[in-house]
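Take a look at the structure set out below.
In what follows, every heavy atom counts, from backbone to side chain, and hydrogens, waters and symmetry copies are set aside. Per chain, numbering begins at 1; letters A, B, ... match sequence-line order.
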Amino acid sequence: MDFIISKFNYWIYIVLMMIGFYAMISKSNLVKKLVGMNIFQTAIILFFISIGSKKGATIPIIQDSHVDAVNSALYMNPLPHVLMLTAIVVMVSTFGVAVALLIMIYRKYKTLEEDEILQILRNEKWPNTH
Amino acid sequence: MINRFENIIIQTISRLLIPPIQLYALYVIAHGHYSPGGGFQGGCILGASFILMVIAYDIKETKRMISEKINTIFISLGVIIYSGIGAVCLILGADYLDYGILNKIFSVSPAKARALGTFGVEIGVGITVMAVMVSIFLNLVSGGEHEEAQE
Amino acid sequence: MIWQLDIILLILVTACAIAAITVRDLLSSAILLGAYSFMMCLLWAEMGAVDVAFTEAAVGAGISTAFFIAAIHQTTRRTKD
Amino acid sequence: MAEHSLILIIVIPLMASCFNILLGLFRRGFCYPLVIATLSLCVILSIFIMDGVINNGVIHYRLGGWAPPWGIEYVVDHLNAFVMTIISFISLFVAVYSKRSVEAELPGRTVYFYTVFLLLVTGLLGITVTGDVFNLYVFLEITSLAGYALIAIGRDKALLASFNYLIMGTIGACFYLLGVGYLYIATGSLNMADLGRLLPDLYHSKVVLVAFAFFAVGVAIKMALFPLHVWLPDAYTYAPSTVSALAASTMTKVGVYVMIRIMFTVFKPNFSAEMLPVTEILGWVASGAMIFGCILAIAQTDVKRMLSYILIAEVGYIVIGVSVTNRMGFTGALLHILFDAFMMACLFMVAGVVMHKTGKTSIHGFRQLHRRMPITMAAFTIAALSVIGVPPTAGFFSKWYLVLGAIYARKWIFAGMLLLSSLLAVVAFFRVIENIYFAPSCHAHDRVGQEGIVRDEAPLSMLVPLLTMAAGILILGFFSGKIVSAVIQFTVPEGF
Amino acid sequence: MEIISSIKPLLAVIVSLIAAFLILLTGERARNLREFWTILASVIKFTIVFSMVSPIREGKVIEYTVISISPGLSLQFRADALGILFALTASFLWIITSFYSIGYMRSLNERAQTRYFACFAIALSATMGVAFSANLFTTFLFYEIITLSTYPLVAHKETPEAIRGARIYLTYLLGTSIAFLLLAIFMTYTVAGTLDFSDNGILIDTTAMGVSDTFLTITFILFMAGIAKAAMMPLHSWLPAAMVAPTPVSALLHAVVVVKAGVFVVVKVVIHIFGIDLLTKLGLGTALAYFSSFTIIIASIIALKQDNLKRMLAFSTISQLSYIILGAALLKPSSMVGGIIHITNHAFSKITLFFCAGSIYVSAHKTEISQLSGIGKKMPWTMAAFFIGSLSMIGVPPTAGFISKWYLAVGSMEAKEIPILVVLLFSSVLNAAYFLPITYKAFFEKENHTDHHEEVKEIPVVVIPLVITAIISILVGIYPDYFLTLAKEVIR
Amino acid sequence: MKFFALIAVIVTGLLLIYGTMDMPDWGATDSPPNTHVSPRYIEKSIEETATPNVVTSLLADYRGYDTLGETTVIFTAGIVCILLLRRYR
């Protein structure tokens, strides 16, 4: 039981990741892929954040700044937070680029379903020039 | 949301809300040393205020505030500020991004100089993030049809 | 950190995630994703990652959703899955 | 000063890309010279770094002045310096080459194109310099984002290809990030050297095993190793020719570099080679890549697409050299990184020239092109022979080491696969070469028409980099011994 | 053995590369200049090669290391007796062939002559490389260059069948060399640690080091399968397929340069890689001898049935090449001398025959044997030369072929292989059976009415070279000492 | 297709869960991440950088270079969107 209580958080994160991962690789709608991507990345961030948590610790902003020796056990591990700030930025950047691509694709094919686009590509001989 | 649609309630409330939002964003950037927040969050909020402007009014209106060209300059300005501060440290004889050396300029203790450097960097991040968010959103909603696009 | 609260939030997050990928309307999907992000950010705040929670609130629930809706506005709400 | 050049080689292209945008707002014509100047500076710096590494050994650089496990550290040893030099060289020549084709293929977007181009180079160089696993992830993402965009602005199916690449690339990056997370939870460190010190005690930990698996899969996606290559052919086929040339010659190589770093610096060779059957699996996967890549290359009718599949096979060559875990094989792999960068750059550049001149890259489009552009086609032939591995071109020498590595490892089957895929490459390339030189004149009037074909050689800005690459292929092979003794022998991990 | 360090072998290789470059540069604009380069290069090359003969006859060896790539892998030249014999033959025949080519190409008004002459020059360059190579790597390098530079020559006509022929040519030569030869080289390198040719064979010590006989046998088989240029059956089909090439190409390249490079490498492998002792111990020499005898007989029988003159000559070449391999495979001094001398003797005779075929094609546009009735009266010089060539093929004294066959026969006696002797005799009978009828037909049969020989006239530029080679093949038969000393030098 | 995706997902998930077996407990104070590198940031942040918010000091100073990379990523995204979405006439 202890084992489960101490680990079930990780397992739920993994389930979340896998939901996103599943959507990324199996959905044929491109937007849905992006939704999956978002879920996946956010779940990874959740995983990282949970690495830094300590029982009985508080947010990593040092309150009593005049005290010389700060007890590190009292504060959350800030490193994963920093890493994840970067990861969030990466995530939103990727998302922005993906959305831009999505709009371009819709402009060109008038659909966002991957199978329909492939159908269009099969039916239509694209001219070999640009 | 590109089309101009007059909704007096939304427009009035936005007009009221946007300055405090922007002020708050600046606060978030500036107060990152002491409370949650920093360049990225502040930049996002600042960008969001412009996005709200786009939604409430329209693109042209927003463009008057922050034109495409200015925005592009801002995008690169942030990175230039960031890497520039790093380069200044390099020129002053320390390693890249070693803000401690900035005490040669500001005559404060190295720790304070580091805080100053951090602040400068946060400003850089904030500018870039704001400009990029606005730029992406404008490009998304307008489909890239700006008056400057033809150049 | 109360693990009961934790588990409720986690279950909600999971439910949001599943809903976001199964719902057949992209706009709803986007909104659900926003909700997912928001609850995620609660979780993080609860774990003590205030900065990250703040960022996620600004980005995930704010800017990302705005991008998403802009994209759907430009394209279509229709989806087959 | 040598250590400061480590950071300058990243910051200079980064700042140049910012100034490029600003400059572009006012005068578009300045962008190209700025890019060339920046990349030339990078080449000089990389040579400088290489020189420093050869003379003084490993260079460390502390960013922000923080000591390694806490701050980010740049570590450049022979391997980094080697890959970095290749990247800066190739990107300089591709940039020189890009002038005409970008003007033709992307009118009006040159400013932004060059900005993203510089960012791509920045990302690639950043990956090679860093000694921190998370910093590597950040630069990996810069590279990928720039890559997605550059591929998306290509023709035909480029958009969909780029989107697929984005999804696959994100999965790869996410797996990498998960690997970082698992390692972090097991050790608490992000510094490669520090991890290398901490990990040997933890080799039996399940966390570390899983971390390794995720690193491996993530990086394999990024470098398009065989079963995970699906994004590559479309992406490189439809990308603008400049981008294909740069991406094909550098991006996959950087992926291999990351794999080598993870396998032999973060994890130690005895883990990768003995604890898990990793190298065995990698070997089989790589031989699959070689055969599959070459066979599919034979089946293509578009030259760029064919080259993309050849590239997949080439990645297989490099990986097989790593997988046999001995000195010879590793040497061969690194030599092949160098030579393959030249070959792929050359081949894709030729495809770009043909695209530029005739507007298509189908194999039939190559008919009798040796009359129109003999020099370009000679370069193509040289590069093709090098891919096949015919002496005295460079490809032979790397293959020499690779096969010997396989034989020394008693992996006769891999040696056989290497030779077999060379045979398949013969078929793939001679289909094109036959078309270039001896296209059967099916119609009677062709014979008359052929005499009328005028010399229509590529512009000088394309020809010079092309010929540099071809000359490199011809000459470098003979100096492979020198390269090995000066650089590569120091990169071989201990215990090989 | 005294070793002289001299750049001459490299010069001999380089000179025609430079010529190829100049030819490409000159192009179609100045045809005379272009062909002047060819002639000039061939003369210079011959001079260089010839200047190396006398030191080598005195038992010296000329070495030159161009670049050392890595331990055991270097680009190194080493001119010894065997190499000089081959190089001398090839470079001398190149001069003659150059004149012949010019006449042939001009009178047929062929296209893409620039490419033709350039590739020819490169092929010769590579031949010198093979002849003077000091290690297997150098050999392999130039071996591949020969393949690649002759590929455009085979596809020269650019007709679908020419391209098909070129494809077969490339598949066989490049395919086997990559799949088998390269693998064999790798195997050699792994066990011996070097690729440099040595007098007793570099694999001689490996059995002591625990390398199994099976491994060595496999290596040997891979070598033999890899050197498809030697046209041993069943890897011979590229040679008939290559006959779509213009006749000078068939003459020089497919009777001398390419195929002789193949057998040359075989001899090198037998003597310098495995060594006579090792092969005797493994019993592989005898096996190879029987294998090549098989080729000798079968190829001759196939040649009997051919009607196309060039195809018949191709099969005759296949059969004759196996004599050389047979000589080497018997591993006895006399047979070795016979095999090696046959490289030269066969070269002179076979090139004569090909020149004749070309001459007939240029003057009378005939390609089939059945069309040749009565042509001897119109083309007496050509058909006389053809007769001499045929005699040499059969091995009738005083022609060159006799010398080699004599030594081969003595060798087979020394080896106590009576079946081989029978094979030699029987194949001579077969040779006579397919060569002599042509001469008979040409001189003594009446013209068919369908064939018009009225306007047929021999072209001097084409005929003079073939007369010269015919005379040489008799001279070599009468005064064989010059080449024999060189050949015996190899064995010493 | 969906079936294979499901298999892949399950395999990946199981692998990840397998990895968690040896992980330190959730929220453990003595796990390597909490003891190896990070304590220094908390203890020295005020002294070395005069910034009470450790995340900020870490973000912009100790690992400031990552943040430069992060800014570059954002910059790239911005430029990329302009490159892609602008209509060129």
Side-chain angles (χ1 to χ4, degrees), chain A residues 2-3 5-11 13-15 17-19 21-22 24-28 50-57 59-63 65-83 85-87 89-90 92-97 99-101 103-104, chain F residues 1-6 8-10 12-14 16-17 19-21 23-31 33-35 37-47 50-60 62-63 66-67 69-71 73-78 80-85:
Chain A
D2 274 355
F3 181 73
I5 286 193
S6 65
K7 297 287 196 296
F8 80 91
N9 284 61
Y10 294 134
W11 298 345
Y13 310 153
I14 288 166
V15 168
M17 284 177 210
M18 289 308 113
I19 291 170
F21 187 39
Y22 176 74
M24 269 177 107
I25 58 179
S26 77
K27 295 284 175 186
S28 80
S50 78
I51 296 174
S53 64
K54 296 179 201 169
K55 285 210 172 72
I59 57 169
I61 296 177
I62 293 158
Q63 263 93 37
S65 52
H66 49 275
V67 178
D68 282 343
V70 181
N71 183 2
S72 64
L74 293 179
Y75 299 98
M76 293 284 180
N77 179 358
L79 186 55
H81 301 181
V82 172
L83 302 183
L85 276 175
T86 309
V89 174
V90 168
V92 70
S93 307
T94 316
F95 186 69
V97 173
V99 167
L101 278 176
I103 290 179
M104 300 280 285
Chain F
M1 183 59 213
K2 295 224 161 154
F3 177 71
F4 288 111
L6 201 61
V9 166
I10 288 170
T12 318
L14 285 179
L16 283 169
I17 287 173
T20 62
M21 296 299 162
M23 274 189 188
D25 290 354
W26 192 78
T29 44
D30 57 346
S31 62
N34 294 340
T35 51
V37 170
S38 67
R40 181 200 150 124
Y41 300 129
I42 301 166
E43 284 157 14
K44 297 280 179 67
S45 173
I46 299 245
E47 183 189 321
T51 311
N53 187 350
V54 187
V55 174
T56 303
S57 69
L58 191 47
L59 184 78
Y62 290 98
R63 293 187 74 86
D66 263 354
T67 312
E70 172 205 303
T71 315
V73 171
I74 274 282
F75 174 69
T76 312
V80 162
C81 283
I82 298 175
L83 173 68
L84 286 180
L85 282 171

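- Considering every non-hydrogen atom in both S26(A) and A5(F), the closest pair reads CB-CB, 3.5 Å.
- Here the OG1-CD1 distance, from T51(F) to I61(A), works out to 11.5 Å after rounding to the nearest 0.5 Å.
- When all heavy atoms of S38(F) and N77(A) are compared, the pair lying nearest together is CB-OD1, 2.8 Å.
- What you find for Y22(A) and V9(F) is that their closest heavy atoms are CA-CG2, 3.5 Å.
- Interface remark: M17(A) contributes side-chain atoms only to the contact with chain F (heavy atom separation under 4.5 Å).
- Within the 4.5 angstrom heavy-atom criterion, atoms from both the backbone and the side chain of V55(F) approach chain A.
- With a threshold of 4.5 angstrom between heavy atoms, Y13(A) approaches chain F through side-chain atoms but not through N, CA, C or O.
- Here the closest heavy-atom approach between residue Y41(F) and residue P78(A) is recorded as CB-CG, 4.4 Å.
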Test log, rule side chain to side chain contact (heavy atoms under 4.5 Å, CB included), inputs L85(F) and M104(A)
CA-CA 7 Å; L85(F) 282 171; M104(A) 300 280 285; 4.2 Å; yes
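- Judged by distance alone, with hydrogens and angles left aside, the side-chain atoms of N34(F) form no donor-acceptor pair with the main-chain N or O of K54(A) at under 3.5 Å.
- Of the atoms belonging to L6(F), heavy atoms from both backbone and side chain fall under 4.5 Å from chain A.
- The shortest side-chain heavy-atom distance between T86(A) and R63(F) does not fall under the 4.5 Å cut-off.
- The shortest heavy-atom contact between I42(F) and I62(A) is O-CD1, 3.3 Å.
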Run the side chain to side chain contact (heavy atoms under 4.5 Å, CB included) test on V54(F) and V82(A) for me, step by step, so that the C-alpha distance in whole Å, both residues' side-chain angles and the decisive distance to 0.1 Å come before the verdict.
CA-CA 9 Å; V54(F) 187; V82(A) 172; over 6 Å; no
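- In this structure, G13(F) and I14(A) approach most closely via the heavy-atom pair O-CG2, 3.8 Å.
- For the set R40(F), K44(F), M21(F), the count of heavy-atom pairs under 4.5 angstrom toward chain A peaks at M21(F).
- Contacts between I59(A) and chain F at a heavy-atom distance below 4.5 Å are absent for every atom of the residue.
- L85(A) touches chain F through backbone and side chain together, each having a heavy atom under 4.5 Å away.
- Among the candidates V99(A), L74(A), L101(A), V97(A), the residue making the largest number of heavy-atom pairs closer than 4.5 Å to chain F is V97(A).
- To the nearest 0.5 angstrom, H81(A) atom NE2 is 12.5 Å from L59(F) atom CG.
- Heavy atoms of T12(F) lying under 4.5 Å from chain A belong to its backbone as well as its side chain.
- Of the listed residues L58(F), T76(F), T56(F), the one with more heavy-atom pairs under 4.5 angstrom with chain A than any other is L58(F).
- With a 4.5 Å cut-off on side-chain heavy atoms, T71(F) and V89(A) do not count as touching.
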